[in-house]
Amino acid sequence: MPASPTLSSPEAFAIWLAPHLLTLWASLLIVCTAVCLRRHSQPQAITRATPGDAPPSPWRRLIWVLPALAVFAGLASQISPGQALSRFDSALAQALGQQMDRVTLQAFALPTWLGNPAPVTVLTIAVTLFLWQRRERLQAGIWLLGVLGNTLLNWSLKQGFARVRPPHLHSVVVETGYSFPSGHASGVLVTYGLLAWLLL
């Protein structure tokens, strides 16, 4: 059976995906929001602990790290030049730069800016001082360990993989240095994810 033209190569798939990316992203955002709202709108069942019940071990939650590590390993194995994922990445960036207007590209560059060292550093200092003033020493330590630990881990991984950054001709975001893993993506996830946890 002949392969679909859309899936005939990573480049063909990237060109097909580029004009549909905003629709797919919006649909995913709506579905995730609906699931979260539905989950939080349902009344929580009150369970009473009996004397014989043991508290759940926090180590059991680390099991969820294993699938994430497997996905990361799969991505890492595909970042070399000529690999399918690397070719798809370059083709998608080029197609988006050609098909999307500059205003849309700049709007989607905002999360990248939020992960830049300057806003992350200011936010890290401000939250640390706020927690310290409230004598929330444990939360301040978790906050600092998370943000600084992520920065060190990301830098170490970048040096290890040493993946040259693909050229992005739209010039909306200009970055230098190695590109994998993404410091902006991990910075936004860890920094603002921890901030959401602290707020909750």
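Position 1 is the first residue of the sequence; numbering continues from there.
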Do L22 and L24 land in one hydrophobic cluster if side-chain heavy atoms of ILVMFWY residues count as linked below 4.5 Å? yes
Among the clusters formed by ILVMFWY side chains lying less than 4.5 Å apart, do F130 and V147 turn up in the same one? yes
ring-ring contact (aromatic ring centres under 6.0 Å, His included) partners of W25, counting only residues at least two apart: F108
Where does the angle between the aromatic ring planes of W16 and H20 fall among parallel (under 30°), tilted (30 to 60°) and perpendicular (over 60°)? tilted
Name all residues meeting the salt bridge (Lys or Arg N to Asp or Glu O under 4.0 Å) criterion together with E136; count only those two or more places apart in sequence or in a different chain, and write none if there are none. none
From N154 CG over to F180 CZ, what is the distance, rounded to the nearest 0.5 angstrom? 9.5 Å
With the 4.5 Å side-chain cut-off for hydrophobic clustering, are L153 and F72 part of the same group? yes
So which heavy atom on V188 is nearest to which on L114, and how close? CG2-C, 4.1 Å
Give the cluster check for V190 versus I125: same hydrophobic cluster or not, with ILVMFWY residues linked at side-chain heavy-atom distances below 4.5 Å. no
Could you report the tightest heavy-atom contact between W143 and L123, atom names first, then the distance? CZ2-O, 3.9 Å
May I ask you to decide if G187's main-chain N or O and Y192's side chain share a donor-acceptor pair within less than 3.5 Å? no
So which heavy atom on N116 is nearest to which on H184, and how close? OD1-NE2, 2.6 Å
Out of V127, T128, T121, which residue meets the side-chain contact (heavy atoms from CB on, under 4.5 Å) rule with T124? T128
Rounded distance (nearest 0.5 Å) linking atom CG of L21 with atom CG of L92: 6.0 Å
How long is the straight-line distance from NZ of K158 back to OG of S186, given to the nearest 0.5 Å? 7.5 Å
For V120 against T191, the heavy-atom pair lying closest together: CG1-OG1, 3.8 Å
Kindly check if the number of other-residue, nucleotide or ligand heavy atoms within 6.0 Å of CZ (R135) is above 12? no
What are the two closest non-hydrogen atoms of Q83 and Q78, and how far apart are they? CB-O, 3.3 Å
Could you check whether any side-chain N or O of S86 sits under 3.5 Å from a backbone N or O of G82, counting only pairs where one atom can act as donor and the other as acceptor? no
Can you measure from CD1 (I15) to CG (L96) and round to the nearest 0.5 angstrom? 11.0 Å
So CG of L145 and CD1 of I142: to nearest 0.5 Å the spacing works out to 8.5 Å
Does the S9 side chain pair with the main chain of A12, one donor and one acceptor, at a distance under 3.5 Å? yes
Verify the cluster assignment for L194 and L129: are they in a single hydrophobic cluster under the rule of side-chain heavy atoms below 4.5 Å apart? no
Do other residues, nucleotides or ligands put more than 12 heavy atoms under 6.0 Å from the CD atom of Q133? no
Quick check for you: to the nearest 0.5 Å, what is the distance between L131 atom CG and L138 atom CG? 10.0 Å
Might you point out which heavy atoms bring P10 and F88 nearest each other, and give the distance in Å? O-CD1, 3.6 Å
